[in-house]
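Remember, it's a predicted structure, so these values are computed and weren't measured experimentally. Start at 1 with the first residue, then count along the sequence.
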Amino acid sequence: MADPDIHFVINTRLLFDHLTKDEQACANIAANGIWFEPSFPAFSRDLSPRRPEDKKQFFFYARPHNARNLYWRGLETIGAAIEQNILDPEKWDFNFVGKDLAPIELPRGVKPRLIQNLPWADYIDLVKWMDVGLCLMDTPHPSYPPLDLAAAGAVAVTNRHGRKTSLSMYSDGIICVDPTVKGLCKGLSEAAERADDYTRRAADLRNDRISRNWHETMKPALDWLSGRLEGI
């Protein structure tokens, strides 16, 4: 990371700022790096229609062998949310989406649906029908699942980390809270209340700041990189 012969293209402004401005900042990345924001062209800004009689859909980004995804903290939180009736099993279906998943039983006899290794098109179709998601990432990076969910019109809950205190620069449909069970349950409580407010969800989706165009988001970084590499 200190090698001046390496050019750095960093995924998100948030991570770039962490690497160049926070504790142990790397001056070389600041001098020889640029950032880009991801795009989500698979999602429109129209909220998929819901039927009031259908159960609401809960999404958990579940990767037990990826420590940064705080799988066990997520399980503690979901269990507490079920026990506190924040997520009433009579009203919610539970979808665990990730990899390396084994059957599990949560409080009140809830057995989540395990969804693994989906083809991209099937994953997109699934996300479009979610109402609330819990997606944890214990790094100063937004990660993609909260942005996937928000870009589809769901309410996403994620954890704070360092300068990642809010993701409202992307969407008002993303709730950032402290990564404690109490903090995450508070976020899920707010998300669950907002799940039925389709007017607000449609407005958050319509007005989000999530790009749907990779050409627009990557062009500045690619132009910068082309200029840097010209003549090498």
Side-chain angles (χ1 to χ4, degrees), residues 40 43 47-64 66 69-118 122-138 142-159 167 171-198 200-202 204-205:
F40 299 81
F43 299 106
L47 186 64
S48 298
R50 265 68 171 171
R51 298 186 307 174
E53 65 270 23
D54 289 342
K55 292 180 77 172
K56 293 187 285 291
Q57 299 297 314
F58 176 78
F59 176 110
F60 176 45
Y61 184 43
R63 300 204 298 175
N66 294 67
N69 292 126
L70 301 178
Y71 174 77
W72 298 105
R73 177 50 50 88
L75 286 188
E76 288 181 286
T77 299
I78 297 166
I82 292 171
E83 289 174 336
Q84 297 171 32
N85 221 36
I86 293 169
L87 299 173
D88 181 354
E90 296 296 319
K91 299 178 181 179
W92 289 87
D93 284 331
F94 295 81
N95 303 277
F96 282 26
V97 185
K99 64 177 183 177
D100 303 319
L101 299 176
I104 188 171
E105 183 169 328
L106 300 169
R108 297 169 66 179
V110 171
K111 295 181 180 179
R113 177 187 178 203
L114 306 182
I115 305 167
Q116 309 186 66
N117 305 315
L118 280 182
D122 293 339
Y123 172 77
I124 295 299
D125 288 340
L126 175 75
V127 170
K128 287 179 179 178
W129 289 105
M130 296 297 107
D131 295 290
V132 166
L134 177 64
C135 307
L136 305 179
M137 174 59 75
D138 197 27
S143 84
Y144 280 17
L147 300 178
D148 289 335
L149 289 160
V155 185
V157 177
T158 191
N159 61 286
L167 295 179
S171 171
D172 293 331
I174 304 176
I175 299 169
C176 259
V177 292
D178 290 335
T180 61
V181 172
K182 181 179 179 180
L184 292 167
C185 278
K186 183 178 179 181
L188 286 180
S189 180
E190 180 181 346
E193 289 179 6
R194 287 165 56 176
D196 287 324
D197 189 346
Y198 298 116
R200 177 173 180 177
R201 287 173 58 185
D204 287 344
L205 179 58

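Between atom NZ of residue Lys111 and atom CD1 of residue Ile104 there is a gap of 12.0 Å, rounded to the nearest 0.5 Å. Residue Asp88 holds its CG atom at 8.5 Å from NZ of Lys56, rounded to the nearest 0.5 Å. In this structure, OG1 on Thr77 lies 9.5 Å from CD1 on Ile86, to the nearest 0.5 angstrom. The distance from atom NZ of Lys91 to atom CG of Asp196, rounded to the nearest 0.5 Å, is 8.0 Å. In this structure, CG on Leu47 lies 10.0 Å from CG on Asp204, to the nearest 0.5 angstrom. Interatomic distance, Ile175 CD1 to Leu134 CG, rounded to the nearest 0.5 Å: 11.0 Å.
Side-chain N/O atoms of Tyr61 and Arg63 include a donor and acceptor closer than 3.5 Å.
Here the side chains of Pro112 and Leu106 are in contact, with some heavy-atom distance below 4.5 Å. Using a 4.5 Å heavy-atom threshold, the side chains of Phe59 and Val132 count as separate. Side-chain contact between Gln57 and Asn95 is present, with at least one heavy-atom pair separated by less than 4.5 Å.
Nearest heavy atoms, Pro49 versus Trp129: O-CZ3, 3.0 Å. Of all the heavy atoms in Leu101 and Ile115, the pair that sits closest is CD1-O, 4.2 Å. The two atoms that bring Pro179 and Asn159 nearest to each other are CB-CB, 3.8 Å, heavy atoms only. Taking all atoms of both residues into account, the shortest heavy-atom contact from Phe58 to Phe60 is CE2-CB, 3.9 Å. Closest approach of Arg108 and Ile82 over heavy atoms only: NH1-O, 2.8 Å.
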Which atom pairs, donor and acceptor, lie under 3.5 Å between side-chain atoms of residues 142-153 and protein residues at least two apart or in another chain?
unit_1, atom_1, unit_2, atom_2, d
Tyr144, OH, Asn11, ND2, 3.1
Asp148, OD2, Tyr123, OH, 2.7

Check: residues 180-192 side-chain donor-acceptor pairs under 3.5 Å, at least two apart:
unit_1, atom_1, unit_2, atom_2, d
Thr180, OG1, Gly183, N, 2.9
Glu190, OE2, Arg194, NH1, 3.0

*Residue pair Val127, Phe43: steps toward the side-chain contact (heavy atoms from CB on, under 4.5 Å) verdict*: CA-CA 10 Å; Val127 170; Phe43 299 106; 4.0 Å; yes
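Listed for the Arg113 side chain is no donor-acceptor partner under 3.5 Å among the backbone atoms of Phe96. A donor-acceptor pair is defined here as one N or O able to donate and one able to accept, closer than 3.5 Å; such a pair exists between the side chain of Arg50 and the backbone of Ser48. Between the Asn66 side chain and the Asn69 main chain, no donor and acceptor come within less than 3.5 Å of each other. Judged purely by atom type and a 3.5 angstrom limit, Glu83 has no side-chain atom pairing as donor or acceptor with the backbone of Pro107.
Within a 6.0 Å sphere centred on CD of Glu105, heavy atoms belonging to other residues, nucleotides or ligands number more than 12.
Ion pair Arg201/Asp131 flagged as a salt bridge, since at least one NZ, NE, NH1 or NH2 atom sits closer than 4.0 Å to an Asp/Glu carboxylate oxygen.
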